[in-house]
Amino acid sequence: MKLSFRTKLSYGVGGICDNALYTLSGTYLLLYLTTVAGISPAIAGTITAIGSIWEALCGPIVGFKSDGTRTRFGRRKPFLLMASFPVAIITSLLFTAIDASMTVKVIYYTVMIILFWTSFSSEFIPYMAWGSDLTEDYHERTVLRSYAYVFNQVGMCIGMVLPTVIVDYCMNLGRTTAQSWQMVGIFTGVCSGAALLLCALTIHKDDKAKKDFVKPEKKGKFLDLKQIAGMFKEYFEILKLKPIQFIIGSSVVYLVANTVFSSDRVFYMTYNLGMSQKEISMMMLIITVSGVVFVPFIAKLAGAFDKKTVFMCGIGGAGVCLMASRFIGVNSLTAMIVICLIYSVANTCYWQLLPSMLYDVCEVEELISGQKRSGAVISLQALSESLSIAVAMQGLGIVLEMAGFVSDAAVQPETALTWVSNCFTFLPGLFMVLVVVMISRYPINKKVFTRVMDALERRKQGIEVDVKEFEDIFE
């Protein structure tokens, strides 16, 4: 089914929120906690890891609840509406510096980051699952994700490019570093909340949950013991599917690479290259703009050669180049621009193609279980994001601490600079190559997806379908 331009555009706008929050936390939170809040790298890494682990717990619950939600507004829209205001408020508070003892600071930022990831999960998983509900067309899903990715880049601009611009502008007006970063939090939070509202309020396409809506006689508990048991059973069944295992495994490995690269690049540009705030902003802008430029080319290639092939080539090629750059050296502005472009290719392939591939898995899962459980499937991938961020942020914090990084020093020890370089080039590149090895065993392509959709259509017509003919896909 072809979607209207308006629906694609409205859905795309929602992508501003998740990428603005994701890139802001992934790029600047560790730097903020260490250099502005005054917390040691290892403790700051632990705080960020706690938040990511918390999101891993929230994600499956939100996915399960959104699949079972029945309202006159559909399944996913209420979650976006409810998350919009908390997103704005909590992001502002997370980047608010407090004058307190170290113990109070650790408690404050731990609580804030837990609330931050709670609000993020509440919108991200329903938003992603909504894409699966809106269309079941193999290529149309890639097109829909292309719109989302373009607005993801707007979100990336808000969460990654503009923070250094805002900080520089505010400090030129006489504001302190802490006040300047607070403005970053406020600006990013408000933009993210507004994007959620606009997305939710402008999509009017019905989904099955809306059509089947029957007003309940009374409200039940959020989750009772029976529902919790059912939720765990549901997730266990989904995890047994081979496509899920390979796509989640690939997601975990790529996002470790992405988080290490994204969090470390500001350290590298600041301490290894001695770049100014304006130059750093320019690098971030190059990544953002190039991502938008690459979108139509990747969508075209995915239509011609299949999503999986393009995904492997883009991420694998970038990984090899990043590993090689560690030995060649990234010592100039030109070299830095090249690295940003290489990274942008991999990042565009991941965020544009992997969600579309994950949507296809939802139909395979529906064929096996007989139920449409997109929220549950998407939440498992979101869980992989949470775990990978937790591992990567904690690991990077420990590496910097062990390498002798000094948070308040303008010049860092040689060992610290060496490991900042390793975490910027070789390690992310190695993980990207591992992604290709894993995704090579992912069994779904356009031909397989067509078989699955034909089987689902036969089932809708009352024709019995023998799922054993699909053993090559799910076992």
Side-chain angles (χ1 to χ4, degrees), residues 2-23 26-27 124 127-128 130-132 134-135 137-162 191 195 198-199 203 250-251 254-255 257-258 261-262 282-319 321 337-360 381 385 432 435 439 446:
K2 298 294 183 181
L3 296 173
S4 68
F5 172 75
R6 176 179 172 177
T7 299
K8 294 173 186 175
L9 188 64
S10 295
Y11 181 79
V13 168
I16 292 175
C17 178
D18 68 79
N19 220 29
L21 300 180
Y22 184 85
T23 55
T27 304
F124 176 67
Y127 171 73
M128 290 286 288
W130 207 357
S132 175
L134 290 173
T135 179
D137 183 272
Y138 185 78
H139 185 61
E140 187 74 354
R141 286 175 165 176
T142 301
V143 174
L144 182 65
R145 285 307 308 172
S146 298
Y147 278 79
Y149 188 76
V150 169
F151 283 97
N152 277 164
Q153 297 308 97
V154 176
M156 184 181 288
C157 183
I158 293 170
M160 188 177 75
V161 179
L162 292 182
C191 289
L198 187 59
C199 172
I203 293 181
S250 302
S251 178
Y254 176 80
L255 288 167
N258 181 65
F261 180 92
S262 298
M282 184 183 75
M283 291 299 107
M284 301 302 191
L285 185 61
I286 287 172
I287 293 173
T288 303
V289 173
S290 61
V292 174
V293 172
F294 293 149
V295 164
F297 294 102
I298 290 175
K300 193 78 173 177
L301 289 170
F305 299 103
D306 204 78
K307 307 170 192 178
K308 175 181 171 180
T309 303
V310 178
F311 184 88
M312 292 173 62
C313 291
I315 292 179
C321 291
I337 291 173
V338 171
I339 288 296
C340 288
L341 292 174
I342 290 171
Y343 163 77
S344 186
V345 170
N347 205 43
T348 306
C349 285
Y350 178 84
W351 291 109
Q352 187 176 355
L353 298 179
L354 187 129
S356 178
M357 293 160 70
L358 192 63
Y359 292 161
D360 300 338
Q381 192 272 335
E385 291 188 17
M432 288 182 185
V435 169
I439 204 67
K446 187 173 183 179

Carefully, step by step, assess Tyr254 and Asn347 under the rule side-chain contact (heavy atoms from CB on, under 4.5 Å). CA-CA 9 Å; Tyr254 176 80; Asn347 205 43; 3.1 Å; yes
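- When atom types are taken as modelled, the side chain of Ser10 and the backbone of Arg6 share a donor-acceptor pair closer than 3.5 angstrom.
- The heavy-atom pair separating Val310 from Cys349 by the smallest distance is O-SG, 4.0 Å.
- Taking CD1 from Ile287 and CE from Met156, the interatomic distance works out to 7.0 Å, rounded to the nearest 0.5 Å.
- Interatomic distance, Leu21 CG to Cys191 SG, rounded to the nearest 0.5 Å: 10.5 Å.
- Inter-residue side-chain proximity for Leu144 and Trp130 is flagged as unmet; no heavy-atom pair is nearer than 4.5 Å.
- Val435 has its side chain within reach of Phe311: a pair of non-hydrogen atoms, C-beta onward, lies under 4.5 Å apart.
- Considering all non-hydrogen atoms of both residues, Cys321 and Ile342 come closest at CB-CD1, 3.7 Å.
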For residues 295-306, tabulate all N or O donor-acceptor pairs below 3.5 Å that involve a side-chain atom, not counting sequence neighbours.
from, atom 1, to, atom 2, distance (Å)
Asp306, OD1, Tyr138, OH, 2.9
Asp306, OD1, Lys446, N, 3.1
Asp306, OD2, Tyr138, OH, 3.4
Asp306, OD2, Lys308, N, 3.4

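- Distance check, rounded to the nearest 0.5 Å: CG of Leu255 to CG of Leu354 gives 8.0 Å.
- Here the OG1 atom belonging to Thr309 is positioned 10.5 Å from the CG atom belonging to Leu353, to the nearest 0.5 angstrom.
- In this structure the side chain of Leu341 never reaches within 4.5 angstrom of the side chain of Val345, judged on heavy atoms.
- Taken from OG in Ser250 to CG in Leu358, the straight-line distance is 11.0 Å, to the nearest 0.5 Å.
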Carefully, step by step, assess Leu9 and Phe151 under the rule side-chain contact (heavy atoms from CB on, under 4.5 Å). CA-CA 9 Å; Leu9 188 64; Phe151 283 97; 3.7 Å; yes
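- At a threshold of 4.5 Å between non-hydrogen side-chain atoms, the residues Arg145 and Met357 do not count as touching.
- Of all non-hydrogen atoms in Tyr350 and Ser251, the two that sit nearest each other are OH-OG, 2.7 Å.
- Contact of the Met128 side chain with the Asp18 side chain is not registered, since no non-hydrogen atoms from C-beta on lie closer than 4.5 Å.
- Shortest non-hydrogen contact noted between Gly15 and Asn152 is O-ND2, 2.7 Å.
- Among all heavy-atom pairs drawn from Ala195 and Cys17, the shortest one is CB-N, 4.2 Å.
- With contacts defined as side-chain heavy-atom distances shorter than 4.5 Å, the pair Ser132/Arg141 qualifies.
- Inter-residue side-chain proximity for Asp360 and Lys307 is flagged as met; some heavy-atom pair is nearer than 4.5 Å.
- Ser344 contributes atom OG, which lies 13.0 Å from atom CD1 of Ile337 (distance to the nearest 0.5 angstrom).
- Looking only at atom types and distance, the side chain of Asn258 has a donor-acceptor partner in the side chain of Tyr343 under 3.5 Å away.
- Between Tyr359 and Thr135, every side-chain heavy-atom pair lies at or beyond the 4.5 Å cut-off.
- Closest heavy-atom contact between Tyr11 and Ala148: CE2-CB, 4.0 Å.
- For Gln352 and Ser146, the side-chain atoms include at least one donor-acceptor pair closer than 3.5 Å.
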